[in-house]
Amino acid sequence: MKIIKNIGCLVGIVPEGVDRKTGSEMDEVVSISDAFLTIENGLIKDFGPAETCPEASQADEVTDAEGGMVMPMFCDSHTHICFAGSREQEFIDKINGLSYEEIAARGGGILNSADLLHDTSEDDLYSQTMERVLEMIRKGTGAIEIKSGYGLNTQDELKMLRVIKRVKETSPAIIKSTFLGAHAVGRAYTGRQEEYVDLVCSEMIPAVASEGLADYVDVFCDEGFFSPAQTDRILEAGERFGLVPKIHANELACSGGVQVGVSRKALSVDHLERTTEAEIEALKGTGTMPTMLPGSSFFLGLPYGKAKTFIQAGLGVALASDYNPGSSPSGDMRFVMALGCIKMKLTPEQAFNACTLNSAYAMGVSDIAGSITKGKKANLILTRPLPSLAYIPYAHQSPFIKKVII
Ligand code: NIG
Ligand code: FE
């Protein structure tokens with residue numbers, strides 16, 4: 001058994017069996033001041049006020065938190081970190097006035113990453129991806145969903161998913177993998193989008209499923225990418241092979257993707273930079289977690305998701321980084337939390353819940369991560385002594401992590 005003693009504040013306690021927070025529940029972050037926590041076999045065994053801390057003699061290891069906070073590591077339920085190289089030339093193009101859609105229409109964007117990935121070996125892709133995972137862990141993220149979608153032909157999609165599988169087997173973080181063959185139309189299918197959708201449904205999905213390479217299926221359902229009808233076909237094909245949907249919708253336009261996702265029982269619908277009352281109504285009473293990605297709003301200059309409106313309507317909201325080379329080249333969940341507060345006007349408590357328990361739910365791991373709960377994985381951030389939880393998003397560039405335990 002390991003003991004963490006002298007915890008100034010143990011933050012993010014959630015009772016067993018609570019898998020997400022919705023509406024006003026998001027206002028609450030339960031904590032204990034002057035606390036201890038014990039770990040056995042990598043799981044949270046017990047915690048409580050300091051005066052009930054077990055004797056040091058009972059432990060194999062004692063860590064002194066020196067009055068800092070202990071909180072669950074962030075969960076990042078939406079990333080594209082399996083990519084090759086980088087795309088800073090497009091960053092310069094954007095500075096000079098081109099939009100994300102204009103860059104994509106010129107054959108840049110996702111297709112640019114697909115070309116780079118095609119020319120990168122599986123081993124090299126693994127090293128690049130793993131480096132990003134380790135960077136994210138250092139910044140406090142303990143669970144990461146990773147999407148394919150820079151292959152855009154069967155072989156390269158499988159290559160990506162095999163790399164993600166290897167990351168799953170070798171990284172200390174909890175990893176979930178998502179097949180996103182419908183991220184863009186592959187170059188070989190330019191002008192033949194329906195045929196590309198056929199390929200996704202009848203060749204890629206069966207191949208991915210037969211190797212057990214994905215947990216989820218995703219589609220970029222948006223203006224200029226895939227239509228709601230095509231999205232529905234792909235999700236239906238995924239469902240036949242046991243892949244639960246998680247989709248991209250409403251980044252560039254109100255696409256109808258949210259409604260398709262909800263009707264296919266998606267675990268999450270992501271982006272939502274643009275949403276109306278209709279999307280909020282569609283989400284009410286469902287198991288689908290609305291997920292917003294303020295890092296891509298920040299980077300692309302898009303509107304921020306109306307998280308407050310969703311919460312006022314009684315819904316839960318998750319936040320994720322969208323770490324990818326085109327629209328969000330950062331996997332810093334602390335910055336995501338800060339953007340949630342600064343730009344989306346979430347309270348620090350709401351943003352914290354959105355980056356921990358709710359994002360764990362959005363990637364299907366809230367039974368093992370996302371909160372301080374007995375029996376969950378002891379993936380923990382030990383902070384420097386901080387005046388309050390609000391200090392984390394407030395002083396958003398000051399180092400706050402002393403150590404992570406994963
Ligand atoms: O989530 N929106 C679609 N996909 C990514 C961007 C991918 C890229 O530009 O490489 C996103 O923003
Ligand atoms: Fe994305």
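Predicted, not measured: the structure shown is a model, and the values here were computed from it. Just so you know, ligand 1 is whichever comes first in the structure, and atom 1 is the first atom listed for that ligand.
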message: Checking R264 against E239 for the salt bridge (Lys or Arg N to Asp or Glu O under 4.0 Å) test, could you report, in this order, the C-alpha distance in whole Å, the side-chain angles of both residues, the deciding distance, and whether it holds?
response: CA-CA 8 Å; R264 289 279 167 204; E239 207 172 278; 3.6 Å; yes
task: Show your working on salt bridge (Lys or Arg N to Asp or Glu O under 4.0 Å) between K246 and D218 and close with a plain yes or no.
output: CA-CA 5 Å; K246 269 176 70 64; D218 197 339; over 6 Å; no
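For ligand 1 and D322, the ligand atoms under 4.0 Å from any heavy atom of the residue are 1 (O), 11 (C), 12 (O). Atoms of ligand 1 lying under 4.0 Å from any heavy atom of Y150, numbered from 1 in the order shown and given with element: 7 (C), 8 (C), 10 (O). Taking every heavy atom of H78 and a limit of under 4.0 angstrom, the matching atoms of ligand 1 come to 1 (O). Contact atoms of ligand 1 toward R87: 8 (C), 9 (O), 10 (O) (distance under 4.0 Å to a heavy atom of the residue). Of all the atoms in ligand 1, the ones that sit under 4.0 Å from a non-hydrogen atom of H183 are 3 (C), 4 (N), 5 (C), 7 (C). In the vicinity of I110, heavy-atom distances shorter than 4.0 Å reach the ligand 1 atoms 7 (C), 8 (C), 9 (O), 10 (O). Numbered from 1 in the order shown, with element, the atoms of ligand 1 that lie under 4.0 Å from a heavy atom of N324 read 5 (C), 6 (C), 7 (C), 8 (C), 9 (O), 10 (O), 11 (C), 12 (O). Counting atoms of ligand 1 from 1 in the listed order, those under 4.0 Å from a heavy atom of E251 are 2 (N), 3 (C), 12 (O).
Between N250 and S255, the side chains place a donor N or O and an acceptor N or O closer than 3.5 Å (distance only, hydrogens not considered). With no hydrogens or angles considered, a side-chain donor-acceptor pair links N6 and D64 at under 3.5 Å. Between the side chains of T63 and K2, not a single donor N or O lies within less than 3.5 Å of an accepting N or O. A donor-acceptor contact closer than 3.5 angstrom is absent between the side chains of R20 and S366. Checking N324 against S327 by side-chain atom types alone, a donor-acceptor pair falls below 3.5 Å. Checking H248 against H78 by side-chain atom types alone, a donor-acceptor pair falls below 3.5 Å.
Aromatic ring orientation, Y196 versus Y189: perpendicular (interplanar angle above 60°, classes split at 30° and 60°). Between H80 and Y150, the two ring planes are tilted [angle within 30° to 60°].
Inside a sphere of radius 2.8 Å centred on the Fe ion (ligand 2), the protein N/O/S atoms present are H78 NE2, H80 NE2, H248 NE2, D322 OD1.
Residues F299 and F91 bring their aromatic ring centres within 6.0 Å.
If you look at F225 next to ligand 1, there are no close heavy atoms at all, none under 4.0 Å. Contact annotation: for Y100 versus ligand 1, heavy atoms closer than 4.0 Å belong to the side chain alone.
E157 places a side-chain N or O within 3.5 Å of a backbone atom of L152 that can act as its donor or acceptor partner.
Protein heavy atom closest to atom 12 (O) of ligand 1, with residue, atom name and distance, is S327 OG, 2.5 Å. Looking only at heavy atoms of the protein, atom 3 (C) of ligand 1 is closest to F220 CE2, 3.3 Å.
Looking at ligand 1, you'll find an N or O of H271 within less than 3.5 Å of one of its N or O atoms.
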